[in-house]
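Worth saying up front: this structure is predicted, and the values here are computed from it rather than measured.
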Amino acid sequence: MLPQDQTPVPSAVTALSAIAPNNRPPTTEYTRLNNDDASEMPEKPNASRQYTFGLVFLRRLYHLFRVMLSKQSPERIGLCCVGLVIGKLLAEVVFYFSGSLPSHFYKVLGDKDQKAFYPLLLECIGIVVLSGTAKASLLFVNGILGVMMRNALTQFTHEQYVKAQSFYALVSQGQIDNPDQRISQDIEKLSANLAEVLSELLIAPFLVLYYTYKCFAISGVFGPLSVYLYFILGALNVYVQEKEEGNFRFQQVRIREFAESIAFYGGEETEREIADKALLQVVGAQRRLVRSQFWVNFVTQLFSYLGATVSYIIIAIPIFLGAYGDKSGTELSSIISMNAFVSLYLIYRFTLVIEQAKKLTDVAGFTARIVQMWEELDSIASNEGGICAAQGDAQSGIQAVGLDVTTPKGLPLVANLSVAVAPRDSLVITGANGVGKTSVLRTLCGLWPPSAGTITLPYTNNALDVFFLPQTPYIVAGSLREQLTYPGAWGNSLRVCSDQDLANLLELVGLAHLRLLPHDEPHSVQFWLGTLSPGEQQRVSIARVLFWRPRFAVLDECTSSLDPGAEASLYQAMVDLDITLVSVSHREGLYRFHRRRLDLTRDGYTITDI
Ligand SMILES: Nc1ncnc2c1ncn2[C@@H]1O[C@H](COP(=O)(O)OP(=O)(O)OP(=O)(O)O)[C@@H](O)[C@H]1O
């Protein structure tokens with residue numbers, strides 16, 4: 001049997017690349033302020049979203065290797081590479097010897113030479129043991145290398161993704177499909193495939209030249225050309241299929257996440273249609289991939305089986321021409337066997353070029369998806385990272401001057417907004433649905449860059465002193481303590497929470513019954529979502545404000561599920577702690593906790609005293 005061996009075609013790699021998405025900010029210019037330094041945001045370079053074939057893929061692969069080397073100790077990687085090369089060479093040598101064994105057996109048995117038979121048998125057993133050891137070691141080193149690569153690439157991605165609102169920008173801009181899939185699955189698949197081909201890549205330069213020449217010799221220019229073409233098409237197909245897989249999975253996750261809402265709406269039929277549509281896309285992409293592989297598999301198999309026949313034709317010609325006239329029947333059998341082995345080995349090597357190209361198409365597809373995400377995160381970090389606001393002290397409060405609020409798609413919502421919120425000068429923002437209340441908060445807190453105008457935010461001890469509560473309560477995995485004190489570190493302050501503090505806090509927000517839960521036992525998000533009603537989740541959110549005691553809190557309809565009495569007592573608790581509020585609310589009962597009201601309309605805004 002021929003070995004499970006592959007020969008890479010790095011030269012074919014140059015044929016493919018996939019390009020970063022076009023991540024342009026809205027065409028309007030905007031002012032970005034940081035510590036009073038106003039600077040104009042430059043237009044991002046026009047990173048093309050189309051595919052190009054050429055050096056970009058190599059550049060991405062190089063980027064990938066640089067990241068891996070920076071995250072793993074070079075000694076460990078070096079050790080693995082040496083292990084791979086030794087294992088590979090050993091496997092090749094052992095394979096050559098095992099392939100020549102049958103011809104020796106033909107000779108020894110044909111001559112009825114019992115004395116030579118036993119040493120040959122021993123040699124055979126030795127080769128089998130060596131072969132098993134070499135292959136198992138090779139697989140072992142491959143596995144270790146795959147784990148190391150996955151660890152390094154995922155760590156690097158986490159650093160880029162979970163920082164300074166990068167993930168928010170990436171997810172909300174929607175330029176990169178399914179980042180979660182890229183991080184969890186694509187990196188894993190890339191690492192496994194790359195580790196597998198790496199052993200080949202290390203000894204590739206020589207093999208590629210040799211087999212391209214062999215391929216050319218057997219099939220002319222058409223042979224290598226079709227291999228390269230296959231490689232390019234294959235990589236594109238893998239990329240597209242992974243994208244469709246991601247969309248399909250996303251749809252399934254949505255059904256699970258919003259099961260209750262869908263059930264209330266009776267939306268099963270619509271959901272099934274959407275899921276079927278996603279399935280159609282993924283199956284279509286998969287079908288294209290299978291189709292493109294058919295001809296290659298056909299040619300590969302043809303060569304494999306034709307190889308045996310060809311090897312007999314090759315040896316038949318000299319035999320019939322009388323070149324081996326002096327050989328006995330036994331010697332002739334031995335020669336025929338050896339010739340069959342060498343011919344088949346060469347043909348097998350040729351088919352490996354195609355086999356390896358298959359693996360490299362996977363590597364190319366996954367590399368494009370992962371590095372593309374890094375490039376997008378890079379451009380987000382360099383252009384939009386951090387809060388676009390000047391740093392003021394606690395007394396200066398929150399100020400916006402001449403602010404133009406625009407959605408990421410460039411839709412203008414609020415023009416020339418000037419408003420100031422001094423300490424104890426709480427503000428309630430009102431207005432019809434969709435008028436832009438939440439968008440004003442997003443712009444104030446730096447999630448959206450303003451199209452024009454300036455923002456000043458209060459800082460205490462060099463840390464932003466504004467706590468933002470979003471419209472949808474955010475529940476995290478962890479203990480009750482971790483739930484109530486999220487995020488674990490806020491501002492520059494460290495706050496200790498004793499059991500008594502925790503009990504008081506629970507009492508204050510009307511969650512005293514949760515005391516029955518073991519405080520420090522961690523629970524999953526599913527557990528918390530199943531345990532806390534929507535109103536209780538909002539109480540948990542307010543508990544976080546009461547725990548951290550910021551000077552300013554920005555609250556986006558974060559008590560909408562509470563009854564008026566509970567809502568009022570929670571607002572009173574925040575006011576009692578001297579927290580200045582900027583609230584979005586439709587409920588008039590809450591106005592009394594604020595000094596002024598900012599009313600947004602489609603035509604502008606008014607600010608009135610309460
Ligand atoms: N990420 C986004 N990308 C593009 N447009 C958005 C985005 N988020 C909101 N919008 C649009 O901006 C407009 C204002 O939305 P916003 O959420 O600020 O309204 P709102 O006044 O808070 O509404 P509501 O009272 O319903 O909460 C809406 O038309 C909405 O479609």
- Thr157/Trp374 under side chain to side chain contact (heavy atoms under 4.5 Å, CB included): CA gap, chis, key distance, verdict: CA-CA 7 Å; Thr157 310; Trp374 291 349; 3.0 Å; yes
- Report, as yes or no, whether the 6.0 Å neighbourhood of atom CZ on Arg442 holds more than 12 heavy atoms from other residues, nucleotides or ligands. yes
- Message: Quick check: closest heavy atoms across Pro550 and Ala553, and the distance to 0.1 Å?
- Response: CG-CB, 4.4 Å
- Can Arg59 and Glu375 be counted as an ion pair, charged N to O under 4.0 angstrom? yes
- Query: Are the aromatic rings of Tyr474 and Tyr486 close, with centres under 6.0 Å apart?
  - Reply: yes
- Run the side chain to side chain contact (heavy atoms under 4.5 Å, CB included) check on Leu441 and Val582 step by step: do they pass? CA-CA 9 Å; Leu441 299 188; Val582 177; 4.1 Å; yes
- Which heavy-atom pair separates Arg551 from Asp465 by the least distance, and what is that distance? N-OD1, 3.2 Å
- Note on the structure: Closest non-hydrogen contact found for Thr456 with Gln391 is CG2-C, 4.3 Å
- Item | Of Cys558, Pro534, Ser541, the residue whose pairing with Pro473 passes side-chain contact (heavy atoms from CB on, under 4.5 Å) | Ser541
- Message: With a 3.5 Å distance limit and no angle check, can you tell me whether Arg539 reaches the backbone of Val509 through a side-chain donor-acceptor pair?
- Response: yes
- Are Lys71 and Glu159 close enough for a salt bridge, meaning some N to O gap below 4.0 Å? yes
- Message: Using the rule given for side chain to side chain contact (heavy atoms under 4.5 Å, CB included), can you reason through Asp404 versus Leu413, listing the C-alpha separation, both sets of side-chain angles and the distance that settles it, and then say yes or no?
- Response: CA-CA 8 Å; Asp404 281 357; Leu413 292 173; over 6 Å; no
- Message: Let me confirm one number: the CG-CD1 distance from Leu546 to Ile579, rounded to the nearest 0.5 Å.
- Response: 6.0 Å
- Closest non-hydrogen contact found for Val435 with Val414 is O-CG2, 4.4 Å
- Task: Determine, step by step, whether Met68 and Met148 satisfy the side chain to side chain contact (heavy atoms under 4.5 Å, CB included) criterion, reporting the C-alpha distance in whole Å, the side-chain angles of both residues, the deciding distance to 0.1 Å, and the verdict.
- Result: CA-CA 8 Å; Met68 282 189 285; Met148 274 165 61; over 6 Å; no
- Task: Identify the two heavy atoms, one from Thr406 and one from Pro412, that lie closest to each other, and give their separation to 0.1 Å.
- Result: CG2-N, 4.0 Å
- All heavy atoms of Pro458 vs all of Phe552, minimum pair found to be CG-CD1, 3.5 Å
- Query: Once you round to the nearest 0.5 Å, how far does CD1 of Ile429 lie from NZ of Lys437?
  - Reply: 9.5 Å
